[in-house]
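Scope of the values below: all heavy atoms of this structure, side chains included, with no hydrogens, waters or symmetry mates. Counting begins at 1 with the first residue of the sequence. This one's a predicted model, so the numbers in the text were calculated from it and none came from an experiment.
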Amino acid sequence: MSNYYGTVLEVKLFTGLNAEDINLTTEELDPLIEKWLLQAKAYIDQYTNINFTEEYSIIPPIIEDIAIRVVANKIKQMQDRYKNPNAKVDDNSSNFINDSIF
């Protein structure tokens, strides 16, 4: 069992992200996504007061989905910042996805 919920591949498929899209190699992008999945795991574990890797032999699919969505939202925000790093207060050209998880 991995140390986080979801997989790098699932995040890439869900977001459509390719390393080339953000000027990285796969060898650079995959560890970054793994780091973000670990962060998502920490958010989930703290919010639920459950460490699913210790308490369950199989991670519930809904927990994996939440982790993937947390990372996908982080990727979307990163992409928007790359496109428009100097956004102003009244600038609505950057549209964030509102995706409540909890």
Side-chain angles (χ1 to χ4, degrees):
M1 186 179 300
S2 71
N3 296 327
Y4 45 82
Y5 311 138
T7 67
V8 171
L9 178 60
E10 289 171 318
V11 169
K12 287 180 173 180
L13 291 172
F14 187 78
T15 61
L17 182 67
N18 294 308
E20 301 80 32
D21 296 339
I22 53 174
N23 297 320
L24 293 176
T25 65
T26 300
E27 292 76 25
E28 295 167 321
L29 178 60
D30 287 1
L32 182 60
I33 293 174
E34 287 179 358
K35 177 182 175 181
W36 291 340
L37 283 166
L38 282 169
Q39 291 170 346
K41 179 189 183 304
Y43 298 145
I44 293 165
D45 291 353
Q46 183 175 359
Y47 186 84
T48 62
N49 290 317
I50 300 171
N51 183 331
F52 290 90
T53 55
E54 292 176 3
E55 300 291 328
Y56 291 78
S57 58
I58 297 174
I59 305 302
I62 193 169
I63 298 301
E64 291 183 331
D65 184 59
I66 290 168
I68 292 164
R69 288 173 183 272
V70 166
V71 175
N73 285 344
K74 193 168 202 160
I75 289 169
K76 172 66 173 147
Q77 290 176 14
M78 177 192 65
Q79 289 172 320
D80 284 350
R81 287 186 176 107
Y82 276 129
K83 290 178 196 170
N84 196 3
N86 299 314
K88 297 179 180 152
V89 172
D90 294 331
D91 183 0
N92 295 319
S93 64
S94 182
N95 297 316
F96 290 98
I97 297 172
N98 185 2
D99 187 16
S100 292
I101 296 166
F102 297 112

**Prompt:** Would M78 and L13 show up in the same hydrophobic cluster when neighbours are defined by side-chain heavy atoms closer than 4.5 Å?
**Reply:** no
**Fill in**
Residues pairing under salt bridge (charged side-chain N to carboxylate O under 4.0 Å, His left out) where one sits in residues 18-34, two or more places apart or in two chains, turn out to be K12-D30
**Asked** Restricting to pairs with a member in residues 40-52, which pass salt bridge (charged side-chain N to carboxylate O under 4.0 Å, His left out), not counting sequence neighbours?
**Response** K41-D45
**Item:** Residues forming a side-chain hydrogen bond (donor to acceptor under 3.5 Å, both in side chains) with K74, sequence neighbours excluded
**Value:** Q39
**Asked** Does N18 have any side-chain hydrogen bond (donor to acceptor under 3.5 Å, both in side chains) partners at least two apart in sequence or in another chain, and if so, which?
**Response** none
**T26: side-chain hydrogen bond (donor to acceptor under 3.5 Å, both in side chains) partners, not counting sequence neighbours** = none
**Contacts of type side chain to side chain contact (heavy atoms under 4.5 Å, CB included), residue I68, not counting sequence neighbours** = E10, V11, F14
**Request:** State which residues pass side-chain hydrogen bond (donor to acceptor under 3.5 Å, both in side chains) with E64; sequence neighbours excluded, sorted by chain then number.
**Result:** none
**Asked** I66 versus Y5: any side-chain heavy-atom pair under 4.5 Å?
**Response** no
**L38 versus N3, closest heavy-atom pair with distance** = CD2-O, 3.4 Å
**Item:** Partners passing side chain to side chain contact (heavy atoms under 4.5 Å, CB included) against I50 (at least two apart in sequence or in another chain)
**Value:** T48, F52, E55, Y56
**Asked** Under a 4.5 Å side-chain heavy-atom rule over Ile, Leu, Val, Met, Phe, Trp and Tyr, are I63 and Y43 clustered together?
**Response** yes
**Asked** Going hydrophobic residue to hydrophobic residue with side-chain gaps under 4.5 angstrom, can you get from L9 over to I33?
**Response** no
**Request:** Compare every heavy atom of T15 with every heavy atom of A72, then report the nearest pair and how far apart it is.
**Result:** CB-CG2, 3.5 Å
